[in-house]
Amino acid sequence: MRIDRPDAIIVGSGAGGGTAAHVLTRRGWNVVVMEKGGEMTAEDFLPFDELHFREHKALIPKISDDPQIYAGLDGTRHDRSERWWEVTMLGGSTMVWDANFPRYTPEDFDFNAYNHSIPDDPALKGVSMVKWPWSYQEFVPYFEKAEWDWCVAGDARQSPEWMRPGYQYPMPPLKAHASSDFLMQTFGAAGLQPYFGARAINSQTFDARPPCSFCGYNQFFGCAVNSRANAVNTVLRRARDTGRCDIRTNHYVTRLDYKDGHIRGVFYLTEPGGREHYLAAPKVFVSVQTIQSARLFLLSEIPDPHDVVGHYLTYHPKGDLHMTFPGKPVWDMGPAYQPRTAIGSLQLRGMYTYRKGGETFKGGKFSVYDPYTCTTPLRLIKGASLSETQRNLWGAPLVQYLQELRSQGGVSFSFTGDAISAHENRVELDQDDPATGYRAVRDPWGVPVARTFYKHHQWDLDLSKYALTRVAEVMADAGGEVRKLEPQSSANAGYGHVHGSLRAGADPETSVLDTHCQSHTVKGLYVLDSAFMPTAGASNPSITLLANAYRVCEQVPQGTDYQ
Amino acid sequence: MLGWKYREPAGRFFTPAQRKQVEVLLEAILPGGAANPGATDAGAAEYVDRLLAMDAATYYDIPRFRQQYAQGLPVLAAAAAERFGGKDLSALAPAEVTALLTDLAAGKLLGATPQSWQSDLFATLRAHAIEGCFADRRWGGNRGNVVWEWYGYPTGPARDFDRATWKGPANPGPAQPDAALPIVGWNPGLSGSTVTSVKDPGEIQSATVVPEIAVRATQVIDPAKPGQPLAEPA
């Protein structure tokens, strides 16, 4: 389907871009989707091979020739950093995501309602926590649309996320992991709100795709049977079927073209060293990942009179906790539960907000896994530790660790917490430095790569440590021993959920995008990835990103009738 | 788009002598015991031997691995000889290899090479020992599925391992590479991403004497900071 004069160009074909293609074509628009990568199908994710796909990082840009640069804690370094969650192919990162779909809830829309003052961190200036300019209630209908289009399995009735009374997900939850009964009981008694989280993974045949086979290759792997939802097997498939969607793979948009404050089109390359091409359209929707979208704004020199573009970048503070239970056998794998190649799905929400010293604070959530059955062995064993100080195990301690894994029950926790936004945390373009002779790194197409400046605020670090310690205490009371307790550290070279680099807001002096996620300075230019998020929130951002894309694309006027 | 398929390389990387040294190092990192299989049982050295004979298209870090082994094995062998009365690295007792690797991991071996170079080499050895045991068999390690069966992966349950009654892996493959396979050595005269195929193993041993390491070995060590040279070579 060739479209030469589209109503809109969509840059990126992942969560945001795919959704835009679906919603806009359903409204009768003709759209061109430009995707930098090629197309891969389910068969391309075979054979199941952890070494090839994960250790050799076959699905992400190569750090050797297409890295991101991290400026380090002092802001002077040029460290090459891995782009773990950027997938350059049709469908983008939805092709490898964990498909964890917790919604951002009212707490995430107004951080300041909980933390009345943020302690000063002398190492990080320019803190700015803002209320989102929308309410959770405004998002509810879009959450529901996204959950049905993206085929979510779960049980809304037991979810502590706020659900409309009577609402239900399209599919029942996935089978429980064998550790779930024990963990539900233990954490329920401790008031930590365990529940089965929503996943965009089929629990039964649905939308012409099969149920999950529990192959064990989930996060960071492609789904070889299409039971996990991605942009290609959901929204892009529908967009294609309309005949109004022209999907162009290996089309790398390198610059946005605008004049007199209006978008006009995009410049793009189709191969390294090739010549630049141009396509015109009255509307452009950008959704190529938080850091990359900011990079595209910088490359295009989108007017930025108040120095906001690229700033207020946030990474969720993470944290890892592994426990083992002496005397408890590995989880009994009855047929009613997930098999040994499991994916988990238990969540803990009891610390989403928490009270301490008479005050209520914003916190975060945990995804709960069993390291032995939910994590592929190379990843797990390379990260092996027996205590906070005994890490990078080898020799006899490594054998001891392996013996423990194969013979007694374990639980691992992955923390996702809210983050402090600061002007200093930002995306820039990598630049030559004549003083040191440093030459900017360019990607294989010759375009300067992004350089990030990032320090976690002391608040992030304290939260991560506090939350991990609290869960470790509950597990210790139930007979567990700590094997790993790794809270967030100040430096973040590029691992985790990212948001905020093109913040949306009502005030053009403090935001890049307006409340419709349209550029304040270039009309007709929209951003749909997590760059729009005014603050980080404290859940996996996918479903909230999707809901926002539905919200924006259902309301955007056609043609050049700008809002 | 990728259409990935494992292809066994046409040659191997190590000379027979180097291969024995690698075996001893990997076994110390993941040692087999009376009740568990280890790196030697799994054929982890075969895994590394094959991996290094592949090119950067398989994994961009392979050229760096090659350089690390080519430079690192002579350094480790020299350290072994110096510390254990002229013994060859491949003839060391397990406790001796463990002592050597403990110093390498801490960057204290010989004291002459930069600390980060030593800890990086150790990290590579550790990663390769784990990969040689726990990666899919198609890569040449985890011989006869011996480690996965013991560990209980992917479908389990974990089976006990008893060395006294173990008859070796069910489908062992060659314990040593076929002597007829060409040996792909590291040639320091070429850039890290290029290799030459050499027929005569003797030729490779001479090629692995790396001038850069020889320079570092003659550096003066600050007695206050053992393990760290006074200055990095330019």
Side-chain angles (χ1 to χ4, degrees), chain A residues 37-41 43-59 62-66 88-90 214-217 222 249-250 329-330 332-333 339-342 372-373 375-384 392-396 398-400 402-403 405-407, chain B residues 1-6 26-33 35-38 47 51 54 56 58-64 94-95 97-98 101-102 105 119 122-123 125-127 129-139 141-142 147-148 150-161 193:
Chain A
E39 179 162 8
M40 286 183 81
T41 60
E43 292 79 4
D44 293 318
F45 302 125
L46 289 169
F48 294 132
D49 194 297
E50 188 187 7
L51 191 75
H52 172 66
F53 285 109
R54 191 173 191 287
E55 302 303 311
H56 293 172
K57 292 163 270 197
L59 302 178
K62 288 183 174 54
I63 194 172
S64 52
D65 67 0
D66 195 4
T88 306
M89 68 174 76
L90 196 66
F214 296 102
C215 66
Y217 287 79
T249 51
N250 301 306
V330 290
D332 177 39
M333 312 292 161
R340 293 175 76 95
T341 44
Y372 179 55
T373 58
T375 313
T376 39
L378 295 176
R379 179 183 185 181
L380 178 67
I381 296 161
K382 284 186 179 181
N392 294 318
L393 306 179
W394 62 281
L398 177 57
V399 174
Q400 182 197 333
L402 294 171
Q403 286 284 16
L405 269 184
R406 67 187 279 283
S407 63
Chain B
M1 185 179 78
L2 293 180
W4 181 74
K5 188 174 186 303
Y6 173 83
L26 301 183
E27 177 67 14
I29 291 167
L30 220 166
N36 73 285
Y47 160 77
L51 184 75
M54 298 180 197
T58 303
Y59 182 37
Y60 53 79
D61 247 359
I62 288 177
R64 184 175 71 88
V97 187
T98 301
L101 287 176
T102 303
S119 49
F122 177 78
L125 289 169
R126 178 176 178 269
I130 292 170
E131 290 166 8
C133 290
F134 283 94
D136 191 282
R137 271 173 291 169
R138 64 169 63 86
W139 291 89
N142 186 23
V147 177
W148 279 12
W150 168 74
Y151 178 73
Y153 184 81
T155 50
R159 289 195 203 154
D160 285 341
F161 178 90
S193 60

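Sequence lines set the chain letters: A, B, ... in the order given, protein chains first and strands last, and positions in each chain run from 1. Below, each value reflects all heavy atoms present in this structure, side chains not excepted, and no hydrogens, waters or symmetry copies.
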Nearest 0.5 Å please: distance from the [atom1] atom of [X] over to the [atom2] atom of [Y].
X	Y	atom1	atom2	answer
A/Trp394	B/Leu101	CH2	CG	4.5 Å
A/Leu46	B/Lys5	CG	NZ	13.5 Å
B/Tyr59	A/Ser64	OH	OG	9.0 Å
B/Trp4	A/His56	CH2	NE2	9.0 Å

Using a cut-off of under 4.5 Å on heavy-atom pairs, state which of B/Ala158, B/Cys133, B/Gly38, B/Gly32 scores highest against chain A.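 Of the candidates given, the most pairs with chain A belong to B/Ala158.
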With chain A as the partner, which of B/Thr58, B/Thr102, B/Ile130, B/Asp136 has the greatest number of non-hydrogen pairs under 4.5 Å? B/Ile130
At their closest point, which heavy atom of [X] faces which heavy atom of [Y], and how far apart are they?
X	Y	value
A/Ala396	B/Pro31	N-CG, 4.3 Å
A/Pro377	B/Tyr151	CB-CE2, 4.2 Å
A/Pro47	B/Arg138	CB-NH2, 3.2 Å

Just so I understand: if I count every heavy-atom pair under 4.5 Å between each of A/Leu402, A/Thr341, A/Val330, A/Leu398 and chain B, which residue has the most?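 Highest number of pairs under 4.5 Å: A/Leu402.
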Exam field: side chain A/Arg406 to backbone B/Trp150, donor-acceptor pair closer than 3.5 Å: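 Flag set: sc A/Arg406 to bb B/Trp150 pair under 3.5 Å.
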Which atoms of [X] come close to chain B, meaning under 4.5 Å heavy atom to heavy atom: side chain ones, backbone ones, both, or neither?
X	result
A/Tyr217	side chain
A/Asn392	both
A/Glu43	neither
A/Ile63	both
A/Leu380	side chain

Is the distance between the ring centroids of A/Tyr372 and B/Tyr153 less than 6.0 Å? no
Report which part of [X] has an atom under 4.5 Å of a heavy atom belonging to chain A: side chain, backbone, both, or neither.
X	answer
B/Leu51	side chain
B/Tyr60	side chain
B/Pro94	neither

Quick check on A/Lys57: does its NZ atom have over 12 non-hydrogen neighbours (other residues, nucleotides or ligands) under 6.0 Å away? yes
Can you tell me if A/Asp49 and B/Trp139 form a side-chain donor-acceptor pair at under 3.5 Å?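 Looking only at side-chain atoms, B/Trp139 and A/Asp49 do form a donor-acceptor pair, the distance falling under 3.5 Å.
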Just jot down the side-chain hydrogen bond (donor to acceptor under 3.5 Å, both in side chains) partners of B/Tyr47, sequence neighbours excluded, or say none. B/Glu131
Could you check if a side-chain atom of A/Pro339 sits within less than 4.5 angstrom of a side-chain atom of B/Thr155, using non-hydrogen atoms only?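 No, every pair of side-chain atoms sits at 4.5 Å or beyond.
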